[in-house]
Amino acid sequence: MQYGRPDGTFDIVPPVPCGRKEARSFVNDSACWLHVEGVFRSVCKAYGFAEIRTPIFEQTDLFHRAVGDGTDIVAKETYDLVTRGGDRLTLRPEGTAGAIRAYVSERLWIERPIAKLLYIGPNFRYERAQRGRYRQHHQAGVEVLGASMPSIDAEIIDLAVAFYKALGIVDLTVKVNSVGTKESRVAYVDALKAYAEPLLSEMSDDNKRRFEQNPLRMLDSKDKRDIALLENAPNLVDFLDDESAHHFEKVCSHLTALGIPFEVDHRLVRGFDYYTRTAFEIQCKVLGDKALGGGGRYNQLVEQLGGPATAGIGFGLGIERVLITMEELGLPRPGGNQLDAFICPMGDAARDTSVTIASQLRQAGLSIDVDYLGRRLKAMLEMADAGGAKYAIVIGDDEIASQTASVRELATQTQHTVALSELATFVGK
RNA sequence: GAGGGUGUAGCUCAUUCGGUUAGAGCGUCAGAUUGUGGCUCUGAAGGUAGUGGGUUCGAUCCCCAUCAUCCUCCCCA
């Protein structure tokens, strides 16, 4: 019996050896993941963020509270479980709720007035899998807790753009909007419904349903008739309270000052209920209308989850979508581990000796692999090459007798006889 | 949750209007070269044609089911 992967999951495995024609997709290549995660951490470090790690499951109620009961994600897309003890837990469907829960649990505001957190990890949503949409997907994100200045909103978007640029993804569209406060959103939804109601009979079935369930989503419809009918619909920004409107203006002017091209998208609404004021999304053509990442401000969430009134803003991105985008754009594949040397023992005596030699070189901090198959030298050299080794170290009876090794530099095909005692120095230089 | 496409070797794909023994390229392994790689040549291994059922003298091909996978919509990273 063989077992397949669960629906909507995938394996991340080592990259194929160098020099092979075929290569697996970036999403399945662990070297690609390490690269993206590494770049994310280093960009975040430049912006003063520190890493937080939280459980991949939380109490079910947390997500209902934070993300919103009415959202599809919580209403029907979570992985829920009941423990043997009767606790109701949910695999996290997004990153923010857990991070904020931890912020409150650990009382992080006591240590410093502003917390700048980054996280990387898996999220789970029970939905139909598609390219760029998985049941276990991975997000990297940041949260800033404790301040509400619009410059922070701009800085977060700047960080996001810097991250994509560091990976070589440059053809970005940054969309920003303000969803105001809960109160202004209620007023807007009323106005939107008043506008849409007389047109409803001409709209798609999906939009008729959205009209009842989630009116803001009507604006996202892909149906051409709906788009035309809603062209003159009222805009969210016109319903903003003065402070939110001012905040939004400042965010936009900061972005301009930072040289980040963006467009104001009055129709941008995000999937979670907790957003207030700034909402943004970053897209790349090759992903179509799927977002590369997005985020926004949530000035009530910390309080809602039992903490002190604390302003917050976050950004999250799907790592799979980043990898797909990099591959689509034809960006160079991030390299895997490169060996410093590959040891090619000839004969039993050399195989025994090479165990010790390999260990000594590794303790000297070098990356070393050895042939375990006892094949011909030609095959071993091919292995060395495939492993990306800089040197092949050939050891046979002659070398053992003279306490030396034949060290071949693979790129230049030059070879030196090196005393075993000098081997680490020679290979490491 | 709704609709559609595709399942043949590790990978990319042929083939057969239903007919004996299902092929190729790439990759793998071996040899030419008993200790010197990327090129070349020779050879080998690798398949219950996703699985189960049906129609048929005969099914990889036609039909049904099932599973897997991909795409679109819903929703969303």
Side-chain angles (χ1 to χ4, degrees), chain A residues 2-10 16-25 67 70-77 92-96 121-141 160 204-207 209-210 213-214 217 220-223 269-272 281-284 287-295 314-325 342 344-347 350 371 373 375-389 391-399 405-415:
Chain A
Q2 288 196 9
Y3 299 94
R5 273 175 280 117
D7 257 6
T9 63
F10 53 93
V16 294
C18 331
R20 298 282 179 74
K21 287 272 193 308
E22 90 274 25
R24 54 179 49 96
S25 78
V67 179
T71 59
D72 272 21
I73 288 174
V74 165
K76 55 186 193 190
E77 292 183 357
R92 65 177 179 219
E94 56 98 47
T96 298
N123 293 331
F124 303 85
R125 291 185 201 167
Y126 190 83
E127 60 181 341
R128 189 84 182 144
Q130 259 181 53
R131 179 174 171 80
R133 289 183 41 171
Y134 304 92
R135 287 186 166 178
Q136 175 175 342
H137 72 280
H138 300 77
Q139 281 191 4
S204 66
D205 290 345
D206 279 331
N207 257 13
R209 184 178 48 74
R210 290 182 185 121
Q213 292 178 359
N214 193 353
R217 278 276 153 206
D220 265 354
S221 177
K222 285 162 193 161
D223 189 289
V269 279
R270 310 211 73 244
F272 309 138
E281 226 169 73
I282 296 173
Q283 300 183 342
C284 184
L287 267 185
D289 52 17
K290 286 191 185 110
L292 213 43
F315 164 70
L317 62 97
I319 298 179
E320 290 83 355
R321 290 187 177 180
V322 167
L323 290 168
I324 289 168
T325 302
F342 187 94
C344 309
M346 309 291 297
D371 176 79
L373 297 173
R375 300 196 294 175
R376 1 191 270 300
L377 181 57
K378 173 179 167 140
M380 291 194 278
L381 288 170
E382 280 171 5
M383 286 275 285
D385 199 42
Y391 294 105
I393 298 173
V394 180
I395 298 169
D397 294 338
D398 298 345
E399 285 84 357
S406 300
V407 181
R408 182 176 180 81
E409 187 172 4
L410 290 164
T412 59
Q413 304 196 34
T414 54
Q415 195 157 317

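Keep in mind that what you see is a predicted model, and the values were worked out from it rather than measured. Naming convention: chains lettered A, B, ... in sequence-line order (proteins, then strands); numbering from 1 in each chain.
B:U21 is unpaired under the Watson-Crick or G-U wobble criterion, no partner having all donor-acceptor distances under 3.5 Å. Pair assignment for B:U33 gives none, since no Watson-Crick or G-U wobble pairing has each distance under 3.5 Å. B:C73: Watson-Crick or G-U partner is B:G1, with both key distances under 3.5 Å. Using the Watson-Crick or G-U wobble rule with both distances under 3.5 Å, B:G7 pairs with B:C67.
Nucleotides B:C67 and B:G23 place their C1' atoms 28 Å apart, quoted to the nearest Å. Look at the P atom in both B:G54 and B:U12: the space between them is 32 Å, to the nearest Å. Taking the P atoms as reference points, B:G58 lies 49 Å from B:C74, given to the whole Å. Nucleotides B:G1 and B:C75 have their C1' atoms positioned 10 Å apart, rounded to a whole Å. Rounded to whole Å, the C1' atom of B:G25 lies 15 Å from the corresponding atom of B:G46. Taking atom P in both B:C61 and B:U15, the straight-line distance is 16 Å, to the nearest Å. Nucleotides B:U8 and B:U69 place their C1' atoms 15 Å apart, quoted to the nearest Å. The P atoms of B:C57 and B:G18 are separated by 16 Å, rounded to the nearest whole Å.
The nucleotide whose nearest atom lies closest to any side-chain atom of A:H137 is, among B:A77, B:C75, B:U40, B:A77. Here B:A77 is the nucleotide among B:A30, B:C74, B:A77 with the atom lying nearest to any side-chain atom of A:A291. Picking from B:A30, B:C75, B:C39 the nucleotide with the shortest atom distance to the side chain of A:R376 gives B:A30. Here the side chain of A:R321 is nearest to one of B:A77, B:A30, B:C74, namely B:A77. Among B:C75, B:G35, B:C29, the nucleotide with an atom closest to any side-chain atom of A:E399 is B:G35. The side chain of A:L377 has B:G35 as its nearest neighbour among B:G35, B:A30, B:C74. For A:R133, taking side-chain heavy atoms from C-beta onward, the closest of the listed nucleotides B:C29, B:G37, B:C75 is B:C75.
Rounded to whole angstrom, the span from the CD atom of A:E382 across to the C1' atom of B:G37 amounts to 6 Å.
Counting any heavy atom pair closer than 4.0 Å across all strands shown, A:L317 reaches no nucleic acid atom. Across all strands shown, A:D397 has heavy atoms under 4.0 Å from base atoms, whether or not it also approaches the sugar-phosphate. Counting non-hydrogen atoms under 4.0 angstrom, A:Q130 reaches a base of the nucleic acid. Contact annotation for A:R217: backbone-only contact, meaning every heavy-atom pair under 4.0 Å involves sugar-phosphate atoms and none involves a base. A:G141 comes within 4.0 angstrom of nothing in the nucleic acid, heavy atoms only.
Both A:G293 and A:D223 lie close to RNA chain B; mapped to their nearest nucleotides by heavy-atom distance, the more 5′-ward contact belongs to A:D223. Nearest-nucleotide assignment on RNA chain B puts the 5′-proximal partner with A:L373, out of A:L373 and A:T414.
Without hydrogens or angle criteria, A:R125 side chain to A:P93 main chain gives a donor-acceptor distance under 3.5 Å. Under a 3.5 Å cut-off, the side chain of A:R135 and the backbone N or O of A:E127 do form a donor-acceptor pair.
Within 3.5 Å, no donor on the side chain of A:Q415 pairs with an acceptor on the base of B:G35, nor the reverse.
The side-chain contact (heavy atoms from CB on, under 4.5 Å) test with A:N123 singles out one residue from A:H138, A:Q136, A:H137, and that residue is A:H137.
Looking only at side-chain heavy atoms (C-beta outward), A:R321 and A:R133 come within less than 4.5 Å of each other.
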